[in-house]
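Comments concern the structure below.
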Amino acid sequence: MNDAATLTDPDALFDVLAERLEDVPSDRELRTKAERAAEINQLKREQNAVILGHNYMEPALFHTIPDYTGSSLELSRRAAEADADTIVFCGVRFMAETAKILNPDKTVLLPAEEAGCSLAEAITAEDVRRLRERYPGVPVVTYVNTYADVKAESDVCCTSSNAAAVVESLDADTVIFIPDEFLAQNVAQETGKEILFPQKRQRKGTGDGAPTGGDGAPAEGLEPDLIGWEGRCVVHEMFQVEDIQQAREEHPDTVVLAHPECSPEVVEEADHSGSTSSMIEYVENTDAESYLLLTECSMGDNIMGENPDKNLLRMCWQRCPHMNQITLQDTRHNLANNQYQIEIEEEVRVRALEAVERMLEIG
Ligand code: 13P
Ligand code: SF4
């Protein structure tokens with residue numbers, strides 16, 4: 001629980017921001033942000049609303065209005081437990097949809113209507129139905145970074161925190177794992193499984209999905225255990241092994257952390273890989289000279305705001321264009337006007353709920 005999220009006095013919020021924000025151009029800007037945050041916290045109180053904020057939110061918002069901050073998995077759990085009338089999701093659409101799947105009778109608001117996700121847009125419900133036809137009886141594990149209709153076609157969801165555990169819980173010879181290509185490869189690496197990408201194979205015109213190696217090339221006698229899909233995160237696909245090497249040349253003692261949506265080569269080269277919360281915990285519980293985070297760059301600023309003794313290298317240049325749309329100004333406007341409300345067809349929601357609940361049971 002974030003104490004600042006209960007404050008409605010702009011001066012108190014100004015003090016919080018002055019202490020935690022590093023790159024603020026002027027006191028005037030800080031004052032404006034503090035006033036906006038105070039209005040939001042007041043509206044929250046009046047409307048019995050709770051705000052859930054993903055770890056990628058911009059620092060001024062992250063430190064002031066979310067009652068709870070966290071990773072996708074942590075916020076799904078918070079959403080499942082929420083007893084407010086309204087849930088405002090300061091994150092992207094698939095996260096707000098998960099909150100609605102779990103809370104059909106509550107109002108769920110997303111402050112920016114267009115806040116999507118490149119992974120969620122990489123696959124449709126029809127794609128999943130075709131995969132099922134092609135691989136009958138094979139269970140489908142779907143990353144939560146997907147829309148409700150895709151979840152509804154799935155057996156179980158997972159997040160970056162529990163992807164390997166969910167796959168291993170299935171006790172199946174073969175598992176369809178969608179839609180993140182790199183996460184699938186990293187899970188395959190972690191669980192010692194062979195992976196096949198039927199889309200790549202189709203493009204090569206080499207047949208109809210016989211087993212291949214990790215890059216889609218045919219591999220004699222190889223039985224696939226994981227069937228992947230070619231979705232990518234527009235932020236994490238940008239990081240390269242050379243970025244790590246260059247950072248290590250300039251800062252030999254730096255510790256490198258990479259989100260599992262990064263390529264397997266980057267994850268292999270990093271010192272630690274895990275969900276957004278796992279990275280935060282790692283930084284908080286270790287004592288390195290400096291850290292390089294290969295993920296959305298607001299997160300580094302947010303960690304430094306809460307841990308001023310930590311040195312995070314300012315070599316980050318990747319902001320998520322979707323997360324970046326969520327601002328204090330829009331959140332205030334949306335809460336005041338009760339928009340944009342998330343709606344999901346009941347038949348889709350009920351089927352998606354099964355996949356989400358299975359994931360929450362596994363942990
Ligand atoms: P986490 O589940 O690790 O919070 O990540 C969500 C996400 O969108 C990463 O890009
Ligand atoms: Fe989607 Fe990548 Fe943005 Fe996360 S960082 S919300 S995976 S586009």
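As the structure lists them, so they are numbered: ligands from 1, and atoms in each ligand from 1.
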>> With the threshold set at under 4.0 angstrom, would you say Asn145 reaches ligand 1 through any of its heavy atoms?
In response: yes
>> Please check whether Thr159 reaches ligand 1 - meaning an N/O of the residue sits under 3.5 Å from an N/O of the ligand, judged on distance alone.
In response: no
> Hey, is Val92 touching ligand 1 through its side chain, its backbone, both or neither, going by heavy atoms under 4.0 Å?
Replying inline: neither
> Have Ser76 and Thr98 got a donor and an acceptor in their side chains that come within less than 3.5 Å?
Replying inline: no
> Any Lys/Arg nitrogen of Arg78 or Glu74 sitting under 4.0 Å from an Asp/Glu carboxylate oxygen of the other?
Replying inline: no
> To which protein heavy atom is atom 3 (Fe) of ligand 2 closest, and what is the distance rounded to 0.1 Å?
Replying inline: Cys320 SG, 2.4 Å
>> Can a side-chain donor-acceptor contact be found between Thr124 and Tyr147 if the only test is distance below 3.5 angstrom?
In response: no
> Which of the atoms in ligand 2, numbered in the order shown and given with their element, are less than 4.0 Å from a heavy-atom of Ser118?
Replying inline: 8 (S)
> Just by distance, with hydrogens left out, do Gln47 and Asp85 show a side-chain donor and acceptor under 3.5 Å apart?
Replying inline: no
> Which one of Gln245, Glu269, Arg248 satisfies the side-chain contact (heavy atoms from CB on, under 4.5 Å) criterion with Val256?
Replying inline: Arg248
> For ligand 1, which atoms, with element, lie under 4.0 Å from some heavy atom of Ser275?
Replying inline: 3 (O)
>> One residue to check: Glu296. Relative to ligand 2, which of side chain, backbone, both or neither has a non-hydrogen atom less than 4.0 Å away?
In response: neither
>> Checking side-chain contact (heavy atoms from CB on, under 4.5 Å) between Cys157 and each of Val356, Asn162, Ile362, which is the one that passes?
In response: Val356
>> Show me which atoms of ligand 1 lie under 4.0 Å from any heavy atom of His54.
In response: 1 (P), 4 (O), 5 (O), 6 (C)
>> A side-chain contact here means heavy atoms from C-beta on lying under 4.5 Å apart; do Ile344 and Ile101 qualify?
In response: yes
>> Can you report which non-hydrogen protein atom sits closest to atom 5 (O) of ligand 1, along with the distance?
In response: His259 NE2, 3.3 Å
> Which value, rounded to the nearest 0.5 Å, describes the distance between Thr191 atom OG1 and Leu226 atom CG?
Replying inline: 5.5 Å
> If you measure from each heavy atom of Met279 to ligand 1, is any distance below 4.0 Å?
Replying inline: no
> In the protein, what heavy atom is nearest to atom 1 (Fe) of ligand 2, and what distance, to one decimal place, separates them?
Replying inline: Cys117 SG, 2.4 Å
> Nearest protein heavy atom to atom 2 (Fe) of ligand 2, by residue and atom, and its distance?
Replying inline: Cys233 SG, 2.3 Å
> Should you measure from each heavy atom of Asn145, which atoms of ligand 2 turn up under 4.0 Å away?
Replying inline: 7 (S)
> Which of the numbered atoms in ligand 2 are below 4.0 angstrom from a heavy atom of Leu119?
Replying inline: 7 (S)
> Among His236, Gln318, Glu261, which one has a heavy atom closest to atom 7 (S) of ligand 2?
Replying inline: Glu261
> Can you list the atoms of ligand 1 that are under 4.0 Å from a heavy atom of Glu261?
Replying inline: 7 (C), 9 (C), 10 (O)
>> I'd like to check which ligand 2 atoms, numbered from 1 as shown, lie under 4.0 Å from a non-hydrogen atom of Tyr56.
In response: 5 (S)
> In ligand 1, which numbered atoms sit nearer than 4.0 Å to a non-hydrogen atom of Tyr56?
Replying inline: 7 (C), 9 (C), 10 (O)
> Which of the atoms in ligand 1, numbered in the order shown and given with their element, are less than 4.0 Å from a heavy-atom of His236?
Replying inline: 10 (O)
> Do side-chain atoms of Lys193 reach the backbone of Val187 as a donor and acceptor pair under 3.5 angstrom?
Replying inline: no
> Do any N/O atoms on Tyr143 end up under 3.5 angstrom from N/O atoms on ligand 1?
Replying inline: no
> Taking 4.0 angstrom as the limit, do Glu126 and Arg129 come out as a salt bridge?
Replying inline: yes
> Of all the atoms in His322, is at least one N, O or S atom closer to atom 3 (Fe) of ligand 2 than 2.8 Å?
Replying inline: no
> Should Ser72 be counted as touching ligand 1, given the test is an N or O pair under 3.5 Å?
Replying inline: yes
> Is the backbone of Gly116 close enough, under 3.5 Å, to the side chain of His322 for a donor and an acceptor to pair up by distance?
Replying inline: yes
> With no hydrogens and no angle check, do the side chains of Gln246 and Glu250 hold a donor and an acceptor under 3.5 Å apart?
Replying inline: yes
> Counting heavy atoms not belonging to Glu35, are there more than 12 under 6.0 Å from its CD?
Replying inline: yes
> Which of the numbered atoms in ligand 1 are below 4.0 angstrom from a heavy atom of Ser71?
Replying inline: 4 (O)
> Has Ser160 got any heavy atom lying under 4.0 angstrom from an atom of ligand 1?
Replying inline: yes
> Checking Glu113 side chain against Leu110 main chain: does a donor-acceptor pair fall under 3.5 Å?
Replying inline: no
